[in-house]
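Notes follow the structure.
The chain is numbered in sequence order, starting from 1.
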Amino acid sequence: MKGSVAYQSIQKRGLHIGLLPAMAAAVNPSTPITLDHDLDVLPEVGRDLTVSRLADIVDDLAARLWAAGVRPDEHIVLHKKANADVWVLACAASRIGAVPVMLSPGLDAKTVGALLERVNKPNLLTDEFKLDVLAEVPVAELTRRVLLVAGERPGAVSLGEFAGAPRVKPVVRPIDEAAVITHTSGTTGLPKLVVHTPRTQGIRLLPQWRLLSLMRKKETVAIAIPFVHSRNVAAMALALLKEMPVLLMNESDPDTVAELFLKNRPVLIEALPNALMAWEGLADDPRKPFSSVKVFSSTFDAIHPGTMSRLLKSSDRPGALFFQIYGQSEVGPAVGRAYFRNSAHKANGRCVGWQMPLGAAKVRVVSRDGERPTEHNPGRIEVAWPGIAKTYFAEQDRYDSNRDGEWWGTGDVGYFTRFGCLHMLDREVDMIDGVRSSLAVEDTVLGKLHELSELVVVKGPNSEAIPVICTHGDEPLDRDRWRAAVADFPQLAEPIQIPEAELPRTATLKVQRLALAEQLKEQLKERA
């Protein structure tokens with residue numbers, strides 16, 4: 001089977017992640033998969049796999065889940081330490097017709113308990129570490145059964161007990177029924193559970209399939225995104241069907257990352273914006289760990305132009321580009337654009353891209369006040385296409401309230417330029433009176449003050465715009481440099497510096513702005 005044939009099959013029948021490894025093995029069984037860590041569930045398999053070996057592992061783990069009592073249509077919550085085996089186990093669960101519910105390891109125990117209750121008696125697949133974290137949660141009452149990837153605990157069953165279980169035939173779920181459930185970032189409260197179907201997952205492959213089709217050689221793709229995220233489903237499917245060797249990363253330490261890139265020489269790196277910001281210092285490493293990279297890619301949030309410029313200039317590949325896609329868990333990729341080596345530093349960080357070719361998402365900006373949306377009067381950004389998620393699990397009314405026929409409200413505000421570029425200015429809930437765009441302020445100031453590792457402008461207790469700053473190494477901020485950098489933004493209050501470790505973040509490392517604003521409110525109240 002050729003990758004293009006497999007892709008066409010997915011477009012007709014949907015993306016079933018339980019079938020993906022075997023499908024990719026039929027395309028090319030020897031495609032390498034390199035891990036930078038051991039699988040918790042099967043540490044003995046090592047870190048150098050092939051797609052054929054992956055397909056066998058998924059088949060084995062599917063048999064173990066079946067032997068443990070998991071059946072088609074049941075929900076199985078995966079919540080454990082960050083590890084690629086989360087994705088592998090999700091494939092195994094899907095292979096027997098169960099519905100994996102992917103919960104980030106970064107969620108606190110109270111949130112996990114609330115989501116377990118929402119799913120209504122799911123199976124829970126976890127590890128000993130997370131069971132300790134969930135000690136105050138009535139796990140036994142909230143779940144059908146508790147399974148461990150390894151080890152022993154009272155009231156739980158280890159998958160290791162079912163080694164050698166008879167293999168079972170795959171169960172294919174209907175194309176428009178739940179296939180995988182992930183959650184939103186939780187920037188505005190308790191995460192919503194987003195239901196993806198085989199059809200919606202398959203449709204979302206289209207934009208990046210076209211991008212990867214521009215690459216003629218089968219070179220390594222480095223994937224450094226959360227294993228529980230819906231984007232990981234698409235990233236792995238695309239790379240494996242394109243027969244591109246995969247470096248699947250869990251490490252984030254810059255020194256370790258440099259060694260991985262020097263050894264594996266990736267042609268494409270897909271990572272979180274915050275990870276790329278943390279790694280941009282490697283652009284000055286004399287060993288040039290980014291020299292092999294043709295494409296940097298990020299789909300989670302807009303990234304600062306200065307970071308893109310440094311990364312691109314550290315590549316030795318002709319025509320190196322940074323491809324940014326704007327989207328969210330509910331809609332997948334909505335718009336995109338490429339940035340190039342000689343112009344990225346001049347880019348407007350609020351320009352998130354153009355609508356992609358035929359078959360991809362449609363985007364519109366709807367007025368909030370009856371007037372035409374402009375830079376100074378942004379409208380609500382909405383998306384329409386068959387790739388939109390089916391529902392929010394157990395919150396249909398909440399989902400319906402966000403739809404207007406085929407159109408989905410992203411919660412962001414922005415406008416289209418006369419050239420058709422979508423500019424995203426802010427989340428609507430984060431807008432501050434007198435500040436055109438908090439994100440634009442952050443882009444500008446971060447471009448001037450390289451000593452800042454993070455800058456977040458949030459609404460203060462009196463609706464003032466408070467800049468919260470973090471510096472590399474938590475070094476004290478030079479206030480004179482700050483005042484010079486923000487001279488064009490007199491609406492900003494005095495900055496508040498905090499250690500970066502104190503920033504509340506989501507599973508994809510976005511800053512939880514509302515939580516940060518509340519945190520500041522409490523701190524300022526204590527000082528008063």
Side-chain angles (χ1 to χ4, degrees), residues 17-18 35 37-45 57-58 60-71 73-96 98-163 165 178 180-183 186 190-191 193-194 226-230 232-233 248 250 393-394 506-507:
I17 64 170
L35 306 174
H37 59 287
D38 296 326
L39 299 178
D40 291 335
V41 69
L42 290 171
E44 65 273 16
V45 305
I57 290 169
V58 168
D60 172 23
L61 293 173
R64 298 188 195 201
L65 290 172
W66 186 275
V70 180
R71 290 295 181 267
D73 299 325
E74 292 182 1
H75 293 92
I76 179 165
V77 170
L78 283 82
H79 178 62
K80 61 178 295 298
K81 290 186 297 182
N83 191 296
D85 63 9
V86 172
W87 177 76
V88 175
L89 288 161
C91 291
S94 174
R95 190 169 176 81
I96 57 172
V99 181
V101 182
M102 318 280 274
L103 298 190
S104 166
L107 296 176
D108 61 65
K110 181 179 178 181
T111 298
V112 173
L115 294 178
L116 285 173
E117 186 173 12
R118 186 183 297 172
V119 180
N120 190 19
K121 288 286 191 178
N123 300 279
L124 173 62
L125 180 52
T126 186
D127 56 25
E128 294 177 295
F129 174 76
K130 284 300 179 184
L131 279 184
D132 288 340
V133 173
L134 299 175
E136 302 303 317
V137 175
V139 170
E141 299 173 20
L142 294 173
T143 61
R144 181 188 301 263
R145 61 177 61 84
V146 178
L147 304 173
L148 290 173
V149 294
E152 297 180 359
R153 283 296 174 89
V157 178
S158 174
L159 290 185
E161 296 182 23
F162 303 103
V180 175
I181 297 175
T182 61
H183 62 80
L190 188 69
L193 295 173
V194 183
F227 303 114
V228 299
H229 201 279
S230 57
N232 191 64
V233 171
L248 196 51
N250 200 19
F393 187 86
T506 69

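Distance alone, capped at 3.5 Å, places no donor-acceptor pair between the His75 side chain and the Val119 backbone. Judged purely by atom type and a 3.5 angstrom limit, Thr143 uses its side chain to pair as donor or acceptor with the backbone of Val139. At least one donor-acceptor pair under 3.5 Å links the side chain of Lys130 to the backbone N or O of Pro105. Judged by distance alone, the side chain of His79 and the main-chain N or O of Ser104 form a donor-acceptor pair under 3.5 Å. In terms of modelled atom types and a separation under 3.5 Å, the side chain of Arg145 and the main chain of Ala156 share no donor-acceptor contact. Panel note: side chain Asn250, backbone Ala82; a donor-acceptor pair is recorded below 3.5 Å. Side chain of Asp85 to backbone of Val88: no donor-acceptor contact under 3.5 angstrom is found.
Rounded to the nearest 0.5 angstrom, Glu152 CD and Glu161 CD are separated by 7.0 Å. Rounded to the nearest 0.5 Å, atoms CG (Asn83) and CG (Asp127) are 9.0 Å apart. Leu125 contributes atom CG, which lies 5.0 Å from atom CG of Leu78 (distance to the nearest 0.5 angstrom). Taking CZ of Arg144 as the reference point, atom CG of Leu124 lies at 13.0 Å (rounded to 0.5 Å). The distance from the CZ atom of Arg71 to the CG atom of Asn123 is 10.0 Å, given to the nearest 0.5 Å. Atom CG of Asp40 sits about 11.5 Å away from atom CG of Leu148, to the nearest 0.5 Å.
Between Leu103 and Val228, every side-chain heavy-atom pair lies at or beyond the 4.5 Å cut-off. Looking at Leu116 and Pro122, their side chains come closer than 4.5 Å, going by heavy atoms from C-beta outward. No side-chain heavy atom of Val101 sits under 4.5 Å from any side-chain heavy atom of Ile76. Put simply, the side chain of Leu147 reaches to within 4.5 Å of the side chain of Leu65, judged on heavy atoms. In this structure, the side chains of His229 and Thr182 stay at 4.5 Å or more apart for every pair of heavy atoms.
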Taking it one step at a time, do Leu61 and Val58 satisfy side chain to side chain contact (heavy atoms under 4.5 Å, CB included)?
CA-CA 5 Å; Leu61 293 173; Val58 168; 6.0 Å; no
Could you go step by step and tell me if Ile17 and Arg95 meet the side chain to side chain contact (heavy atoms under 4.5 Å, CB included) rule?
CA-CA 7 Å; Ile17 64 170; Arg95 190 169 176 81; over 6 Å; no
With side chain to side chain contact (heavy atoms under 4.5 Å, CB included) as the test, would you mind laying out the steps for Met102 and Ile181 before giving the verdict?
CA-CA 6 Å; Met102 318 280 274; Ile181 297 175; over 6 Å; no
Verdict with reasoning, Leu107 to Leu115, per side chain to side chain contact (heavy atoms under 4.5 Å, CB included)
CA-CA 10 Å; Leu107 296 176; Leu115 294 178; 4.0 Å; yes
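When every heavy atom of Ala178 is checked against every heavy atom of Val99, the shortest pair comes out as O-CG2, 3.8 Å. Closest approach of Val146 and Gly155 over heavy atoms only: CB-O, 4.0 Å. The two atoms that bring Trp87 and Val233 nearest to each other are NE1-CA, 4.3 Å, heavy atoms only. Across Ile96 and Val70, no two heavy atoms sit closer than the pair CD1-O, 3.8 Å. Taking every heavy atom of both residues into account, Val137 and Ala109 meet most closely at CG2-O, 3.5 Å. The minimum heavy-atom distance linking Ser94 with Gly18 is given by the pair OG-N, 3.1 Å.
Of the charged side-chain nitrogens involved, at least one lies within less than 4.0 Å of a carboxylate oxygen, so that Asp132 and Arg153 count as a salt-bridged pair.
Using cut-offs of 30° and 60° on the angle between ring planes, the pair His37 and Phe227 is tilted.
Atom NZ of Lys121 is surrounded by more than 12 heavy atoms from other residues, nucleotides or ligands within 6.0 Å. Shown here is Glu74, whose CD atom has more than 12 heavy atoms of other residues, nucleotides or ligands within 6.0 Å.
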